[in-house]
Peer 1: 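Take this structure first; my questions come after.
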Amino acid sequence: MSNKNKLVLIDGNSVAYRAFFALRSQLERMKNKNGLHTNALYGFHNMIDSVLTKEKPTHALVAFDAGNTTFRHAFFDDYKAGRSKTPGEFSEQMPYLRDLLEGFGIKHYELENFEADDIIGTLATQVDPAEYDVVVISGDRDLTQLAKENVRVDITVKGVSELKEYTTESIQEEMGISPLQIIDMKGLAGDASDNIPGVTKIGEKTALKLLKEYGSVEGIYENIDALKKSKMKENLINEKETAFLSKKLATINTDSPIKVGIDDLAFSGPDMEKLIAFYKEMDFNSHLSKLDTTEYDAEQNNQKEEISYKVVTEITESMFSDDMALYVELIGDNYHISPIFCIGWGNDEQIYISEPEVVFASEEFKKWAKKLDAKKQVFDAKRTYVALKRQQVEMNSINFDILLASYLLNTKDNSKDLSEVATEHDYYEVSSDESVYGKGAKIGIPEDKTVTYDHVARKVKAIRILSKQLNDNLEKNEQTELFNEMELPLSIVLAEMELTGVKVNDKRLMEMKEEFAVRLKDIEQRVYELAGEEFNLNSPKQLGVILFEKMGYPVIKKTKTGYSTAVDVLEQMREQAPIVEHILDYRQIAKIQSTYIEGLLKVIDKNTGKIHTRYMQTIAQTGRLSSVEPNLQNIPIRLEEGRKIRQAFVPSHEGWKIFASDYSQIELRVLGHVSNDPLLKEAFIEGQDIHSSTAMRVFGITSPEEVSSEMRRRAKAVNFGIVYGISDYGLSQNLGISRKEAQKFIDTYFDKYPGVKTYMEDIVREAKDKGFVETLFQRRRYLPEINSRNFNLRSFAERTAINTPIQGSAADIIKIAMIKMDKKLKESNMKATMLLQVHDELIFEAPEEELEQLEALVIQVMEGAVELSVPLKVDSNSGKSWYEAK
DNA sequence: GCCCTCACG
DNA sequence: ACGTACGTGAGGGCG
């Protein structure tokens, strides 16, 4: 073993590029949770890892190219011009290479106007050969010119971890020339990859032959007359200048003005903290698990830090302060009915855990919960608020909600399990609910109460820690206002709406159930007769066999698993297959029966006769709400049969009415605003029928009377398509026309509405650059697949980039309206109550005599919720039931 | 637990 | 060439 120092010099750009292409097949698989591709980083990492193990360097440096213009470009315009454009999936990884190197504890360096190999060449040449052995690593064989007695050059062969070693001897042996003569060889033969021209018709073989005889480019030209007459000789003479230029281009600079010295390059091993952080950010879990770190072990083996808390059976005022986290543990998702079984609260000094009987008997607790000056941080404000209110505990001043904040930061980080959300934000001290309470049939509270207490205490602590962290992140994203002024207040408004519930006439539903049961039996019989046998009409599989095998109708569409029997397919069979009419009838009624009549009857609260849906505030990726158990946002309306379901939704007081207000064309208005398209805006400002207006433009008509209903129908479909991120295929499917015709509609549309076209191009570009899109109120949606090479994934992401700001801004607007509406109703002491939200409409119940006032208020608040460059418009209706509020 | 179908905006 | 319109939730069948 020599006691010489060892310096490893790595050509960063070249190796990273090699790594990228070596793992190109893994490109789409290797992404971190934010959608960043990681294949080059991964390959680079592995290369460094194996080099460190093998070489055990005392000094190391990774050199990078700086910018595009090097001194080589200064005298040769086309230098490297032939290179294909660097893929975006590669460039996006480069900045993170620095993080990786800092984790490894390896210096990196770049120098304006010089390439990595110049930095490497300079260092390799300048170190004292008596003191340093040097290993150069690159994917570029040019660097073999640097080989000498104390310098070995390793070039990647396959992938990045397999290297071929070049020494003076091995080069001599393999090529018959010295390392320095490689420059001469490039001068003659050129290098296609760097666009170094070389001399016409001279390749590597010829070049070597010439060099063996004459030693160098200079030597050849000194003896040029000695060459026998040939085409080659002619080329050499004609391209003398090119030959010397090429040689110059291929020569690595060994005297670059670098500002690092060997002493700066001392290598003393990785910075574990940084390396772990890097692994986590990149989701390099296999590397993480190889590391023996306490933090990682804690995460992996569930060996968490000790946590201290006090279990209390008596509650005193001293247990509360004005800035605390609170966690209410329920079993089950439905907080309207789930029992509370443990409560924890605390600050950074002390955490308290108690049982519900103790807590709800405590006036001190209620006083604190209600106290305006006492700020509370929670996980899921609405859930907490409702659960406590059911126990007559009023909550005020929730100032942070981990779940809501996490969802705003990244709509995907929205797990109902606190531990999962915490993990997303690098906090690992909470176990999953599943690991504590079990799942499925085995769900339950652990025998040992301390297990629950411990779990809840950890949640309280996590809320404290994450509140600060997530608040900072919101700040960075400029989402503080979205959080404080929109989502957090809305959660309380929604809580009250849920608690209020909506009255349902169960008698009416039961009547309908009887009626439909008879009809279903009837239709069933008819289908069986036509089919010639009985089968399960609810099974698409069995139905497919009957229609397409037994009865032999032609197959129109297939699904992954068999024949499609969806409506659009059945509708196409109508003419030739009388049976499908009955099947369609059956489907329609069976849906109403099972989902709506039976489904709704199941969830009516027996005590109040009301339905209490839950609005999910952190599910939809666009910022919309969703509604569950039951979903009150998809009650039938389009077909009369189903619409009758709405007759069962009635006011909760005698003499009251249902009042409904909906935004007219809110998404197209938002589009008008964000696209700033003159014609689209004009249509709204002038109060035109938007679909007719579009029809006039697209069909080139000048007067509204000439717009036929068919034209309007088509224009409407185009308008929808625009909002969805139109494609010729989608539009053709929707309108039942050819793709060509659909494309023509789209072209004409963009011709008439150039602002819309520009908006779409701009938003997609922005999404590709930033990786996310935003609504008018900074709601953010990441689109990791926007740069995918997979056509489907990329196209989907592009349509989403177009749609999300529109759908999401509309969601923002109605959320603002809801908060304002709630406030106004309270301020004006009206009895009217907001009951439901269905994306672009709000449903209230109100005493008959308040209706007029309510309508005025709704118009004022909803239309004035935000100021856009186009007006917002609201239509309102009222009636004895939701059905009649149309 | 996944697939298909279908209800809504 | 690729094969989809955007966003949801629920019920029934089936393995």
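Throughout, protein chains are lettered first and strands after them, A, B, ... in sequence-line order, and every chain is numbered starting at 1.
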Peer 1: With rounding to whole Å, what would you report as the distance between C:dG3 and B:dA7 at their P atoms?
Peer 2: 28 Å

Peer 1: Could you list where the contact with chain A starts and ends along DNA chain C, reading 5' to 3', using a 4.0 Å heavy-atom cut-off?
Peer 2: C:dC2 to C:dG15

Peer 1: Check the phosphate of B:dG9 against A:R638, side-chain N and O only, distance under 4.0 Å to OP1 or OP2. Yes or no?
Peer 2: yes

Peer 1: Categorize A:V628 for me: base, sugar-phosphate, or nothing, with a 4.0 angstrom heavy-atom threshold over every strand shown.
Peer 2: sugar-phosphate

Peer 1: Give one of base, sugar-phosphate or nothing for A:Q733, where a contact means two heavy atoms less than 4.0 Å apart.
Peer 2: nothing

Peer 1: Could you work out which one of B:dA7, B:dG9, B:dT5 sits closest to the side chain of A:H839?
Peer 2: B:dG9

Peer 1: Would you mind classifying the nucleic acid contact of A:A797 as base, sugar-phosphate or nothing, using non-hydrogen atoms under 4.0 angstrom?
Peer 2: nothing

Peer 1: Just to be sure I understand the rule, does A:I619 reach a base, reach only the sugar-phosphate, or reach nothing, if contact means heavy atoms closer than 4.0 Å?
Peer 2: sugar-phosphate

Peer 1: Can A:R780 be said to sit on top of A:F772's aromatic six-ring, NZ or CZ under 6.0 Å from centre and within 45° of the ring axis?
Peer 2: yes

Peer 1: What's the CG-P distance between A:N634 and B:dC8, to the nearest Å?
Peer 2: 8 Å

Peer 1: Heavy atoms only, 4.0 Å cut-off, all strands: where does A:Q542 land among base, sugar-phosphate and nothing?
Peer 2: sugar-phosphate

Peer 1: Once you apply a heavy-atom cut-off of 4.0 Å, does A:R781 come out as touching a base, just sugar-phosphate, or nothing?
Peer 2: sugar-phosphate

Peer 1: Is there a side-chain polar atom (N or O) of A:T595 under 4.0 Å from OP1 or OP2 of B:dC6?
Peer 2: no

Peer 1: What is the distance, to the nearest angstrom, from the CH2 atom on A:W882 to the P atom on B:dC8?
Peer 2: 11 Å

Peer 1: Figure out the CG/C1' separation between A:L570 and B:dC6, and round it to whole Å.
Peer 2: 12 Å

Peer 1: Students often get this wrong, so: under 4.0 angstrom with heavy atoms, is A:S727 touching a base, only sugar-phosphate, or nothing?
Peer 2: base

Peer 1: Take atom NZ of A:K744 as the centre, draw a 6.0 Å sphere, and report whether it contains more than 12 heavy atoms from other residues, nucleotides or ligands.
Peer 2: no

Peer 1: Is the distance between the ring centroids of A:F745 and A:F699 less than 6.0 Å?
Peer 2: yes

Peer 1: Figure out the CG/P separation between A:L537 and B:dC4, and round it to whole Å.
Peer 2: 19 Å

Peer 1: How about NZ on A:K752, more than 12 heavy atoms from neighbouring residues, nucleotides or ligands closer than 6.0 Å, or not?
Peer 2: no

Peer 1: Rounded to whole Å, please give me the gap between CZ in A:R646 and P in B:dA7.
Peer 2: 13 Å

Peer 1: Please step through side-chain contact (heavy atoms from CB on, under 4.5 Å) for the pair A:Q837 and A:L625, ending with a clear verdict.
Peer 2: CA-CA 8 Å; A:Q837 187 251 42; A:L625 300 176; 3.6 Å; yes

Peer 1: Would you mind reading off the distance between A:K541 atom NZ and B:dT5 atom P, rounded to a whole angstrom?
Peer 2: 13 Å

Peer 1: When all nucleic acid strands are considered with a 4.0 Å heavy-atom cut-off, which category describes A:T804: base, sugar-phosphate, or nothing?
Peer 2: nothing

Peer 1: Between C:dT4 and B:dC4, how many Å separate the two P atoms, rounded to a whole number?
Peer 2: 12 Å

Peer 1: Under 4.0 Å, counting only non-hydrogen atoms across every strand here, what does A:S627 touch: a base, just sugar-phosphate, or nothing?
Peer 2: sugar-phosphate

Peer 1: What integer distance in Å separates A:Y586:OH from B:dC6:C1'?
Peer 2: 14 Å

Peer 1: Closer than 4.0 angstrom, basic N to acidic O: yes or no for A:K740 and A:D728?
Peer 2: no

Peer 1: With a non-hydrogen cut-off below 4.0 angstrom, is A:N734 in contact with a base, only sugar-phosphate, or nothing?
Peer 2: base

Peer 1: Heavy atoms under 4.0 Å, any strand shown: does A:F796 hit a base, just sugar-phosphate, or nothing?
Peer 2: sugar-phosphate

Peer 1: With a non-hydrogen cut-off below 4.0 angstrom, is A:I726 in contact with a base, only sugar-phosphate, or nothing?
Peer 2: base

Peer 1: When you measure from the centre of the six-membered ring of A:Y663, is the NZ or CZ of A:R669 under 6.0 Å away and within 45° of the axis?
Peer 2: no

Peer 1: Is the shortest side-chain N/O distance from A:R587 to OP1 or OP2 of B:dC6 below 4.0 Å?
Peer 2: yes

Peer 1: Check residues 638-646 of chain A and write down every donor-acceptor pair under 3.5 Å in which the side-chain atom is one partner and the other belongs to a residue at least two apart or another chain.
Peer 2:
{"from": "A:E640", "atom 1": "OE1", "to": "A:Y883", "atom 2": "OH", "distance (Å)": "3.4"}
{"from": "A:E640", "atom 1": "OE2", "to": "A:K644", "atom 2": "NZ", "distance (Å)": "3.1"}
{"from": "A:E640", "atom 1": "OE2", "to": "A:Y883", "atom 2": "OH", "distance (Å)": "2.5"}
{"from": "A:E641", "atom 1": "OE1", "to": "A:R519", "atom 2": "NH1", "distance (Å)": "3.2"}
{"from": "A:E641", "atom 1": "OE2", "to": "A:R519", "atom 2": "NH1", "distance (Å)": "3.3"}
{"from": "A:E641", "atom 1": "OE2", "to": "A:R519", "atom 2": "NH2", "distance (Å)": "2.9"}
{"from": "A:R646", "atom 1": "NE", "to": "A:P636", "atom 2": "O", "distance (Å)": "2.8"}
{"from": "A:R646", "atom 1": "NH2", "to": "A:I635", "atom 2": "O", "distance (Å)": "2.7"}

Peer 1: Heavy atoms under 4.0 Å, any strand shown: does A:G721 hit a base, just sugar-phosphate, or nothing?
Peer 2: base

Peer 1: Going by purine N1 to pyrimidine N3 plus the second Watson-Crick contact, or the G-U wobble pair, all under 3.5 Å, which nucleotide sits opposite C:dA1?
Peer 2: none

Peer 1: Would you mind telling me which residue lines up with the more 5' stretch of DNA chain C, A:Y729 or A:Q621, judged by nearest nucleotide?
Peer 2: A:Y729

Peer 1: When all nucleic acid strands are considered with a 4.0 Å heavy-atom cut-off, which category describes A:N536: base, sugar-phosphate, or nothing?
Peer 2: sugar-phosphate

Peer 1: Using the P atom on both, measure C:dC2 against B:dC6 and round to a whole Å.
Peer 2: 27 Å

Peer 1: In whole Å, what is the span from the NZ atom of A:K557 to the C1' atom of B:dT5?
Peer 2: 11 Å

Peer 1: Just to verify, which of A:I597, A:I523, A:L584 counts as forming a side-chain contact (heavy atoms from CB on, under 4.5 Å) with A:I589?
Peer 2: A:I523

Peer 1: Check whether more than 12 heavy atoms from other residues, nucleotides or ligands sit under 6.0 Å from atom NZ of A:K610, and answer yes or no.
Peer 2: yes

